[in-house]
Visitor: 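Just dropping this structure here.
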Number of protein chains: 2
Amino acid sequence: MAGGPTTNSESLRADSARVRARMLRAARERVAAGDLDLPMNAVAKAAGVGVGTVYRHFPTRHALLESLAAERFALLVQAAEQAVTCPDVAVGLARLLRAALEHQRGDPALAVVLSASDNACQETTELVRALAEAVDRLLERAREAGAIRPEITAEDVRALFCGLQRTVQVGGDTELYIDILLRGIRP
Amino acid sequence: MAGGPTTNSESLRADSARVRARMLRAARERVAAGDLDLPMNAVAKAAGVGVGTVYRHFPTRHALLESLAAERFALLVQAAEQAVTCPDVAVGLARLLRAALEHQRGDPALAVVLSASDNACQETTELVRALAEAVDRLLERAREAGAIRPEITAEDVRALFCGLQRTVQVGGDTELYIDILLRGIRP
DNA sequence: ACCTGAACACCGTTCAAGT
DNA sequence: ACCTGAACACCGTTCAAGT
């Protein structure tokens, strides 16, 4: 017969991956509908699995949020890396700020994950590191060009991302707030 | 016997006020302990009243938060009014920013109320109006002195308060973030 | 008038039982 | 190995019954 332990384990894994994808899809639908609560029971029901399965894959709600945010987080990292290669470093900074805003607006889970002080998933830790690395390179270039206050760190930039997102959320004038921040970080 | 409808109604009101104070004290203790959840049942139990009584006084949790925040909110309004009378308008702006941060740090309920888009209590609406009025006067003085971008409104300042608070919460360098904002709002 | 607290619905979380 | 879902504890909210 085709099938031994390997095939069996693979089919288990394949099934597990399918179940995981179903849960993420269900959770994403809720978030897209504006509900960041993500009740585990509700996610389970929407995904057609038992609650225990949700907990097996995502030990905490924050772990679930991180998994949801990962995709957009990777796009933000990409944007940061592209900003580094921007000929005009000031333009790079401006693009990065816009990208940070846009991705947080596009996925509220990302806004939560970016302002969290620690991560549940290895994947997130990796993304945080990659973002910090790209931002560090951008800051270094900006310092050399005299385009930024030299004491600003990648951690500060992350905090400023979160604050800017909140400012935009509370107030109305996105362009003004971006501009205030861009001017404020100049030397 | 002493007592007619008036006395009776007054004693009811007095009792009601006492009960209300007990609930607010209980809620404040929970918030001070770092718990912004404020479960209505828990507040009721801690205050030694029935849940229905909590709901009678505070129709929603946000109404409860507003009542909690009112005291600090009034202090913030005072700070804004003092900032207006500051001989050096730039110093006034800096003091106001610091006061906004300090009061939000001192009462997390205020941070929530400041970033809420609408209010449950009349009292809060009044405080919001008073703050906007003081800030408007300060902005007017700052514009005349050429100390601020002229397009910034009191609403923008409220949004910037909220964003600054978040930045500080996520990052570590309060002084840097205050300074970035102060520079950013200059013309 | 105002307060109480039982009642119902819902969510978090665990864990014995299934496949 | 992995999944299920009953079970228990807790919270939101309402409303009939008390004073």
Visitor: Starting at CZ of Arg22(B) and ending at P of dC3(C), how long is that distance when rounded to a whole Å?
Guide: 10 Å

Visitor: Please indicate whether Glu151(A) has more than 12 foreign heavy atoms, meaning atoms of other residues, nucleotides or ligands, lying under 6.0 Å from its CD.
Guide: yes

Visitor: Find the distance Met40(B):CE to dC11(D):C1' and express it as a whole number of Å.
Guide: 11 Å

Visitor: Any sub-3.5 Å donor-acceptor pair from Arg158(B)'s side-chain atoms to Leu114(B)'s backbone N or O?
Guide: yes

Visitor: dC2(C) C1' sits how many Å from Met23(B) CE, rounded?
Guide: 11 Å

Visitor: For dC2(C), does either OP1 or OP2 sit under 4.0 Å from a side-chain N or O belonging to His57(B)?
Guide: no

Visitor: Given 3.5 Å as the limit, does a donor-acceptor pair link the side chain of Arg141(A) with the main chain of Cys86(A), or not?
Guide: yes

Visitor: What nucleotide, of dT13(C), dT13(D), dC3(D), holds the atom closest to the side chain of Tyr55(A)?
Guide: dT13(C)

Visitor: Whole angstrom is fine here: how far is it from CG in Leu64(A) over to C1' in dC11(C)?
Guide: 15 Å

Visitor: Let me know the distance between CZ of Arg61(B) and P of dT13(D), rounded to the nearest Å.
Guide: 6 Å

Visitor: Using a 3.5 Å distance criterion without hydrogens, assess whether the side chain of Arg25(A) forms a donor-acceptor pair with backbone atoms of Ala47(A).
Guide: no

Visitor: Which one is paired to dA9(C), where only Watson-Crick or G-U wobble pairs with both distances under 3.5 angstrom count?
Guide: none

Visitor: OP1 or OP2 of dC2(D) versus the side-chain N and O atoms of Ser16(A): is any pair under 4.0 Å?
Guide: no

Visitor: Which listed nucleotide (dC3(C), dC2(D), dT4(C)) is nearest to the side chain of Val49(B)?
Guide: dT4(C)

Visitor: Using a 3.5 Å distance criterion without hydrogens, assess whether the side chain of Glu123(A) forms a donor-acceptor pair with backbone atoms of Ala70(A).
Guide: no

Visitor: More 5' along DNA chain C: Ala42(A) or Gly52(A), using each one's nearest nucleotide?
Guide: Ala42(A)

Visitor: Send over the distance from Asp35(B) CG to dC10(D) C1', rounded to a whole Å.
Guide: 13 Å

Visitor: Of the listed nucleotides (dC3(C), dC2(D), dG12(D)), which one gets closest to any side-chain atom of Arg56(A)?
Guide: dC2(D)

Visitor: With both distances kept under 3.5 Å, what pairs with dT4(D), Watson-Crick or G-U wobble?
Guide: dA16(C)

Visitor: Starting at atom CZ of Phe58(B), determine the distance to atom C1' of dG12(D), rounded to an integer number of angstrom.
Guide: 17 Å

Visitor: How close or far is atom P of dA1(D) from atom CZ of Arg20(A), stated in whole angstroms?
Guide: 20 Å

Visitor: With nearest nucleotide decided by heavy atoms, which residue, Leu38(A) or Asn41(B), maps closer to the 5′ end of DNA chain C?
Guide: Asn41(B)

